[in-house]
There are 2 protein chains.
Amino acid sequence: MSRQRPPLTRREKVEVREQAILDAARDVFIEQGYDGARMAEIAHKAGIAEGTIYLYYRTKTVLMRAVVGAFWIRLTADAEAAVRPHDCPFEALQALARFHLQAVIERFDVIGLSQALPAKLDEPTALRGELRSYVSVFDQIFQRGRDRGLIRPNAALWMARDVFYGSLEYSARTLMQRGETYDADVVDNLVRLIRAHYAPGTVSPQAGPPDPADAPSLLIDRLEAVVTRLEQL
Amino acid sequence: MSRQRPPLTRREKVEVREQAILDAARDVFIEQGYDGARMAEIAHKAGIAEGTIYLYYRTKTVLMRAVVGAFWIRLTADAEAAVRPHDCPFEALQALARFHLQAVIERFDVIGLSQALPAKLDEPTALRGELRSYVSVFDQIFQRGRDRGLIRPNAALWMARDVFYGSLEYSARTLMQRGETYDADVVDNLVRLIRAHYAPGTVSPQAGPPDPADAPSLLIDRLEAVVTRLEQL
DNA sequence: TTCCGAGATGATTATGGCTCATAATCAGCA
DNA sequence: TGCTGATTATGAGCCATAATCATCTCGGAA
């Protein structure tokens, strides 16, 4: 519709080409898998010659890493959007769990590629950043819950995170194997599970019941310790 | 030491060769990954010609499937052995969790290959049986717990299973990324988590109104959490 | 108009999975 | 113990495809 001739600078042209390659590569990788995808087909779909790809991405593996990285960045934005409306941490957790389970099932192929990828690259730093960003959406919710006193303060955040993402990923796999799709019960079960274990006051059944008589003196001890720490900042 | 000439029948010779190929393939696949592994090297290590491999395994993918399948069968036997001594279901669960986390960390490479594999095979039946057997070690323990009334009778077994294996697998990944190894706390945390949620009678604190008596303690919990975050800045 | 060089091209090379014509081996038999 | 047909092993070569590189294109500066 824009009648005006697009004044493409050199830099812009490069970016357009780069995006075209990325788009074509995404389609072909998803459809054919890593090994099945042929660079010739990607080049053809992007409307360039085969050799040109290598001016933008040194190898096939690097190209797929770029595709998968872009995917995670997009997914992170979507997850944040899904979580934003919820103020209550547990509602946010529920929303994130729903989003993640849905995403893993829908985009199973791409996510599968992500896991196969790191082994291929020499630098173990591959994808780390993107994955870390995605996963930290959970961390922020968990932190908020802790600040509001809805979660035990001594809970190890990373363990909770592992349970959350690990369970959902595994559930997605088994759901798909069984030929089923998204299952709300899985999400509910997981959120209740985490809630039960990380709720404050709920003394974990491992340690013995605290002696009520100790309560006031213990509280004062802890209070003094915290004040001391504050003073030292 | 056996002076006697081993009377190898044709069938026995075939089995020996098959095992030699499997062993060589396992080593090379682990060392080089699927794509990095060259059939020529596997053949060389097995002491046979390249073409001979194809008399035993039709393709490279089929060969790796055999390697991975044998691995899971062995792992299942080991897991059962680790669990056997424990009569109490929760002790058994703890033992299984320890074993699994250890195994996933030690054999991360092979297990990673397993996940990359199914996508490569046309038949979706690939590996299903072996994985199902391995995973059912958990199921048996959970069932026993239910029979003895230690676990809510209405609990969905497969969801518990997903949480168990999913959490451990994901934990193993993050532990390794962090350069750490086996961590007993992860196992303890998970077992307590499952115990808290699946114990009978324990109504999950869905929306438990906070007991006013807990207020001071909760306040300090929150204070400690905030200070901890402040310190980490 | 000529010239330049960054950028694009695709024929060519290198690699590795897989095939197949041929050779080696073996059990059964006289 | 030699003969024989069937079974099993071999590795040079085929082919698909990732990656390379000599060559070409073309916008813009002189």
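Chain letters run A, B, ... following the sequence lines, proteins first and then strands; every chain starts at 1.
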Length of the line joining A/D35:CG and D/dA18:P, which is rounded to integer Å: 9 Å
Interatomic distance where CE belongs to A/M39 and C1' belongs to C/dT13 [whole Å]: 16 Å
Candidates D/dA19, D/dT10, D/dT17 - which lies nearest the side chain of B/I48: D/dT10
Check: B/Y198 ring centroid to B/F142 ring centroid under 6.0 Å: yes
Nearest-nucleotide pick for B/L55, side chain only, options being C/dG17, D/dT8, D/dT20: D/dT8
A/Q32 CD - D/dA18 P separation (whole Å): 11 Å
Rounded distance (Å) that lies between atom P of C/dC18 and atom CD1 of B/I42: 11 Å
Whole-Å gap separating C1' (D/dA19) and CD (A/E41): 18 Å
Separation of atom CG in B/L63 from atom P in C/dG16, rounded to whole Å: 17 Å
Donor-acceptor pair between B/Q19 and B/D23 side chains, under 3.5 angstrom: yes
From D/dA9, C/dG16, D/dA19, nucleotide with atom closest to B/R38 side chain: C/dG16
No-hydrogen, no-angle side-chain donor-acceptor test under 3.5 Å, B/T174 and A/W158: no
5' precedence on DNA chain D between B/G51 and A/K60 (nearest-nucleotide basis): B/G51
Euclidean distance, atom CD1 of residue A/I53 to atom C1' of D/dT20 [Å, nearest integer]: 14 Å
Pair A/S167-B/Y170, side-chain donor/acceptor within less than 3.5 Å: no
Minimum-distance nucleotide to B/T52 side chain [options: C/dT9, D/dA9, D/dG11]: D/dA9
Aromatic plane relationship, A/Y134 with A/F99 - under 30° parallel, 30 to 60° tilted, over 60° perpendicular: tilted
Sugar-phosphate only, base, or nothing, as touched by A/A37 at under 4.0 Å among non-hydrogen atoms: sugar-phosphate
Given DNA chain D, 5'-ward residue of the pair A/R58 and B/Y56, judged by closest heavy atom: B/Y56
Nearest-Å distance for atom pair CD/P, residues B/E50 and C/dT19: 12 Å
